[in-house]
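Just so it is clear, the structure is predicted and the values come from calculations on it, not from any experiment. All ligand and atom numbering here is 1-based and tracks the order in the structure. Computed over heavy atoms, backbone and side chain alike; hydrogens, waters and symmetry mates excluded.
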Amino acid sequence: MSDSVKISYKEKEFTYPVIEGTMGDIAVDISTLRSDTGLITLDEGFKNTGSTESSVTFLDGDKGQLLYRGYSIDELAENATFTEVMYLLLYGELPTASQLDSFNKELQENCTVNQGVKDMVNAFPTTAHPMSMVGAISFTLSSFYPEVGEVKTPEEFDKAAMILLAKFPALCAMAYRRTNSLPINLADPSLDYVSNFYQLMFKNDQNIEISPSIVSALNKLLILHADHEQNCSAATVRVVGSSQAGLSASIAAGVAALWGPLHGGANQAVIEMLEDIKKDGSGLQFWVDKAKDKTHAFRLMGFGHRVYKNFDPRAKIIKQATDEVLAQLGIKDDVLDLAKGLEEVALQDEYFVKRNLYPNVDFYSGIIYRALGIPKEMFTVMFALGRLPGWIAQWKELRIDKQAIGRPRQVYIGAKTRSYVSLDKR
Ligand code: CMC
């Protein structure tokens, strides 16, 4: 007999089934709780709430395990390209050689953006944060490419996903060029996905040489960011998509959620924190103590995770890749030594040990981005570029499953019913 949970309330007993996922995760299905009992659940921050069943990504926070469609992130980061992982996330299986070839060709054929989008980018002040530009352009993209708005059939989905994925590198690079008052580069349909992105970012008069180390590091970083089950931005994309908002509008909402420093914005915040630590000279213990002090809002950025309570497997891979990339590019970055020192001090501190706070994906990624010449204001944009296929896969799953509109309940704690008081009596 399958497991169940019994709830006693007002001398009545109600039974709810326990459901088990394919990797052994368990949940109590309370979908009839309110109609049975009148009760709702209260779970601020959704710490115990599963919002959906999903077959895209699995993570086990205790084991530090992360799988995309059943494949471990370690194997994918080591062996796959980012576009291969895009295909896997969108369609559930690794592509065959010919499927990947057609997918890559289609990405190349769709990689340019029209003049209207460029004009829009050029209307931004050069002081704008690149994330605000990427969010705004994502939101308005369906005005320029109606295919990424209304999506009803599988064919329309394929087209919309392709346009978004193909054009996103150009959107991200345009934001960088604008904030640096540089002319926008034209996409090069003859290049692979990451090389095209790199050229869009950095070429000036002529194409630049891109070393295999740079291509490999970019592929790895983008793969490691590609999906992370029901995180804040993916959950946002799903809630917005559940109102039947269009694909690009839902993605724009994901970009907005990602920007916050507790989510994707942490990668920029980590480098800023490390730069502050270096400048300040008070020593690492001082900063660790400050992070522990509850009278300060300061936290060690790049530390802690809602789900990982042992280690973040992405951080482990990125830490190792950081050493490799810096060695391959012949770069010595003393901020890396500082980051390693900070990790060591924090991991020996009882406060961090007791709360299971470890470096997360954002702790070391910025050091690789710096080595690749990507400035800190672009770090969260890099995260968005990586996360895009995950957001799209989550959106697709939601729409195929025809999930109900995302609409949580609340426990109201405001004023009780009262009568309007006219202005002269207040
Ligand atoms: N520095 C100091 N204390 C921390 C930190 C930190 N980075 N993270 C958590 N804590 C403490 C927190 O104060 C709380 O202490 P207490 O039990 O005494 O009240 C305890 O640890 C649990 O923290 P929480 O805020 O309840 O945990 P959460 O699961 O709600 O938050 C988190 C997770 C990632 C928002 C949080 O760890 C954090 O703010 N980290 C810094 C920002 C960061 O690096 N974000 C990137 C997350 S990974 C990538 C991504 O999602 O984009």
At a 4.0 Å cut-off, with the gap strictly under it, does some heavy atom of [X] reach an atom of ligand 1?
| X | result |
| --- | --- |
| Asp362 | yes |
| Phe363 | no |
| Gly45 | no |
| Phe383 | yes |

Closest protein heavy atom to [atom], given as residue, atom name and distance to 0.1 Å:
| atom | answer |
| --- | --- |
| atom 34 (C) of ligand 1 | Gly304 O, 3.7 Å |
| atom 4 (C) of ligand 1 | Leu357 CD1, 3.6 Å |
| atom 52 (O) of ligand 1 | His263 ND1, 2.6 Å |
| atom 41 (C) of ligand 1 | Phe303 O, 3.3 Å |
| atom 45 (N) of ligand 1 | Leu262 O, 2.9 Å |
| atom 33 (C) of ligand 1 | Arg306 N, 3.8 Å |

Handout entry: Lys/Arg cation over aromatic Tyr351: Arg355, 6.0 Å, 45° cone
Key = yes

Handout entry: Flag: protein heavy atom within less than 4.0 Å of atom 9 (C) of ligand 1
Key = yes

Only heavy atoms count here, so choose which of [options] is nearest to [atom].
| atom | options | result |
| --- | --- | --- |
| atom 13 (O) of ligand 1 | Arg355, Lys294, Met273 | Lys294 |
| atom 3 (N) of ligand 1 | Tyr308, Tyr358, Tyr351 | Tyr351 |
| atom 7 (N) of ligand 1 | Thr380, Leu300, Val270 | Leu300 |
| atom 25 (O) of ligand 1 | Lys292, Lys47, Lys354, Arg299 | Arg299 |

Exercise for the section: For a side chain to side chain donor-acceptor pair (under 3.5 Å) with Gln394, tell me which candidate from Glu229, Arg399, Gln230 qualifies. Expected result: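 Filter result, single survivor: Gln230.
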
Exercise for the section: Could you tell me which atoms of ligand 1, counted from 1 in the order shown, lie closer than 4.0 angstrom to a heavy atom of Val361? Expected result: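 In order of numbering, the contacting atoms are 49 (C).
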
Handout entry: Ala291 neighbourhood, listing ligand 1 atoms whose heavy-atom distance to it stays under 4.0 Å
Key = 2 (C)

Handout entry: ligand 1 N/O within reach of Ala266 N/O, cut-off under 3.5 Å
Key = no

Exercise for the section: Compute the shortest N/O to N/O distance between Asn360 and ligand 1 and return yes if it is under 3.5 Å, no if not. Expected result: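 Among all N and O atoms of Asn360, at least one is under 3.5 Å from an N or O of ligand 1.
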
Handout entry: Pair Tyr176 and Phe202, ring centroids less than 6.0 Å apart
Key = yes

Handout entry: Aromatic ring proximity, centroids under 6.0 angstrom, Phe383 and His228
Key =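 No, the ring of His228 stays outside the 6.0 Å limit from the ring of Phe383, centre to centre.
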
Problem - Side-chain ion pair, Arg370 and Glu275, N-O less than 4.0 Å - result: yes

Practice task
Flag the pair Lys340 and Asp323 as a salt bridge only when some basic side-chain nitrogen lies within less than 4.0 angstrom of an acidic carboxylate oxygen.
Solution key: yes

